[in-house]
Novice: 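Here it is, the structure in full.
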Amino acid sequence: GRQFAYGRFHLTPVIGGFFYDDPSSVFRRETFSNGREVCRDTRNGRFADDSNCSAAVDLYGRLEAGVDVSDALTLGAGVRVGEETVPYGRVAISLGEAIDLQGMAGDGYSALGLTLRF
């Protein structure tokens, strides 16, 4: 993301991805006794291409607006656009000149993370 600031107010568009192992996938990795690893289709037991057993990724975009309440605290709101569009609130606490600990929460959405600025 890139933050655009005007005094104590700022706007931050973000593009990202969430990588995860998809438990609903019909493909799974198996390891034979000789150490060889394969991808298998659980519907028919046949071997499948390794790309089917890769981690899944959900791409998303966020747009956040915030105000610096003090040197150490930022309050704001945002909207996350991905498979669903979710508005959320955001709180960030400064841990130093270039690091913030942030928490975000909305309906069915929560996240905790670090923001690094350079």
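Everything quoted here is computed from the prediction, not taken from an experiment.
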Novice: Should the heavy atoms of other residues, nucleotides or ligands under 6.0 Å from CG of Leu116 be counted, would the total exceed 12?
Specialist: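 Yes, CG of Leu116 has more than 12 neighbouring heavy atoms, counting only those of other groups under 6.0 Å.
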Novice: Before you tell me yes or no, could you show the steps for Arg117 and Asp100 under side chain to side chain contact (heavy atoms under 4.5 Å, CB included), namely the whole-Å CA-CA distance, both residues' side-chain angles and the distance that decides it to 0.1 Å?
Specialist: CA-CA 9 Å; Arg117 290 181 297 280; Asp100 289 347; 2.8 Å; yes
Novice: When you measure from the centre of the six-membered ring of Tyr88, is the NZ or CZ of Arg90 under 6.0 Å away and within 45° of the axis?
Specialist: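 That pair does not qualify as a cation-pi contact.
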Novice: Could you work out the complete set of other residues in the hydrophobic cluster of Phe32, with links drawn between I, L, V, M, F, W and Y side chains under 4.5 Å apart?
Specialist: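 The other cluster members (ILVMFWY side chains, heavy atoms under 4.5 Å, direct or chained) are Val38, Phe47.
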Novice: Is the backbone of Arg28 close enough, under 3.5 Å, to the side chain of Arg40 for a donor and an acceptor to pair up by distance?
Specialist: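 Checked: no pair found.
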Novice: About how many Å separate CD of Glu64 and OG1 of Thr12, when rounded to the nearest 0.5 Å?
Specialist: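 Interatomic distance, Thr12 OG1 to Glu64 CD, rounded to 0.5 Å: 6.0 Å.
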Novice: For residues 53-74, pull every pair meeting ring pair (Phe, Tyr, Trp, His ring centres under 6.0 Å), keeping only residues two or more places apart or in separate chains.
Specialist: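 Those involving residues 53-74 do not exist here.
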Novice: Report all side-chain donor-acceptor pairs from residues 70-77 shorter than 3.5 Å, counting only partners two or more places apart or in another chain.
Specialist:
residue: Ser70; atom: OG; partner: Ala72; partner atom: N; Å: 3.2
residue: Ser70; atom: OG; partner: Leu73; partner atom: N; Å: 3.2
residue: Thr74; atom: OG1; partner: Asp68; partner atom: OD1; Å: 2.8

Novice: Is it the case that more than 12 heavy atoms not belonging to Glu84 sit under 6.0 Å from its CD atom?
Specialist: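 It does not: Glu84 CD has 12 such atoms or fewer within range.
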Novice: Under the rule for ring-ring contact (aromatic ring centres under 6.0 Å, His included), what residues qualify as partners of Phe9, not counting sequence neighbours?
Specialist: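 Result, ring-ring contact (aromatic ring centres under 6.0 Å, His included) vs Phe9: none returned.
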Novice: Between side-chain atoms of residues 107-114 and protein atoms elsewhere (two or more places apart, or another chain), which donor-acceptor pairs fall under 3.5 Å?
Specialist:
none

Novice: Can you measure from CD1 (Ile93) to CD (Gln102) and round to the nearest 0.5 angstrom?
Specialist: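 Taking CD1 in Ile93 and CD in Gln102, the distance rounds to 11.0 Å.
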Novice: Is there a side-chain contact between Met104 and Arg62, using heavy atoms and a 4.5 Å cut-off?
Specialist: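 Yes; the side chains approach each other to less than 4.5 Å.
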Novice: What residues join Val14 in its hydrophobic cluster, counting side-chain heavy atom gaps under 4.5 Å, either direct or through other members?
Specialist: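 Grouped by the 4.5 Å side-chain rule, Val14 forms a cluster of one, so the answer is none.
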Novice: Please round to the nearest 0.5 Å and tell me the distance separating atom OG1 of Thr42 and atom CZ of Phe27.
Specialist: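 The CZ atom of Phe27 is 8.0 Å from OG1 of Thr42, to the nearest 0.5 Å.
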Novice: Shortest non-hydrogen contact from His10 to Val67?
Specialist: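 Looking at all heavy atoms of both residues, the shortest contact is NE2-N, 4.2 Å.
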